[in-house]
Amino acid sequence: MFQQYLVRLLFLTIGFSLSQCTYGIPQPIGPTHGLLFTTNSFPGEFNPNNDVARSIRAEGCLKQILYIVAWGDASAGSIAKKNGIKRIATIDHRTENVAGMFATYCTVITGEK
């Protein structure tokens, strides 16, 4: 009888760990999400006047492990400041996730000095 409970508990644990949405853990932002692996790029914002040249490209990323530890900087303002971009033309995004164990979220900006 005790073994049946252990087997059920094992299957529930495996099921919960494979289904990240059960934990309420946020999925990577973007158009699609894979259970074991996700990688995608998607558009963000752009300068509606379309008067800024796209001569410089820079990116900043956030990384996380097991949804427990995260580090990095993916804010458009700090990316622009670090790379000397005075006027931003576009802000795009890129994300990768490997089974919820390792994830990366990047902001990619283009603009001019």
Side-chain angles (χ1 to χ4, degrees):
M1 182 112 170
F2 182 70
Q3 290 176 341
Q4 290 177 344
Y5 288 115
L6 284 178
V7 170
R8 287 180 185 170
L9 181 63
L10 177 66
F11 280 116
L12 282 173
T13 304
I14 291 171
F16 284 138
S17 65
L18 291 177
S19 174
Q20 297 171 358
C21 61
T22 305
Y23 281 101
I25 296 172
Q27 292 291 320
I29 299 170
T32 59
H33 307 230
L35 179 62
L36 296 178
F37 182 74
T38 300
T39 181
N40 58 37
S41 297
F42 51 98
E45 298 180 24
F46 66 96
N47 182 342
N49 295 332
N50 200 19
D51 62 350
V52 179
R54 297 178 186 176
S55 58
I56 301 172
R57 179 185 182 277
E59 78 175 45
C61 297
L62 290 170
K63 297 179 189 272
Q64 63 182 9
I65 297 175
L66 296 173
Y67 292 103
I68 297 172
V69 178
W71 67 94
D73 187 1
S75 63
S78 66
I79 296 167
K81 185 175 181 180
K82 287 178 188 174
N83 292 281
I85 298 174
K86 301 288 183 197
R87 298 177 67 203
I88 296 175
T90 63
I91 302 173
D92 295 326
H93 307 280
R94 182 172 56 83
T95 184
E96 294 177 359
N97 184 352
V98 180
M101 296 174 69
F102 180 76
T104 303
Y105 175 85
C106 298
T107 300
V108 182
I109 65 169
T110 60
E112 61 187 24
K113 286 190 175 195

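Quick note: numbers below take in every heavy atom, side chains included, and nothing from hydrogens, waters or symmetry partners.
Summarising the geometry, atom CD1 belonging to I88 is positioned 11.0 Å from atom CD belonging to E112; distances are rounded to the nearest 0.5 Å. Of the inter-residue distances, the one linking K81 atom NZ with N83 atom CG reads 12.5 Å to the nearest 0.5 angstrom. Atoms CD1 and CD1, on I79 and I85 in that order, are 8.5 Å from each other to the nearest 0.5 Å.
Clustering ILVMFWY residues whenever any of their side-chain heavy atoms sit less than 4.5 angstrom apart, transitively, puts V108 in a cluster other than the one holding I91. Under a hydrophobic-cluster definition in which Ile, Leu, Val, Met, Phe, Trp and Tyr are linked whenever side-chain heavy atoms come within less than 4.5 Å, directly or via other members, W71 and M101 are assigned to the same cluster.
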For residues 54-63, please give each side-chain donor-acceptor pair under 3.5 Å, one per line with the distance, not counting sequence neighbours.
from	atom 1	to	atom 2	distance (Å)
S55	OG	G111	O	3.3
E59	OE2	R94	NH2	2.6

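Of the possible polar contacts, none joining the N97 side chain to the F37 backbone as a donor-acceptor pair under 3.5 Å is found.
The nearest pair of heavy atoms linking S78 to D73 is OG-OD2, 2.6 Å.
By the 30° and 60° cut-offs, the orientation of the rings of Y105 relative to F42 is tilted.
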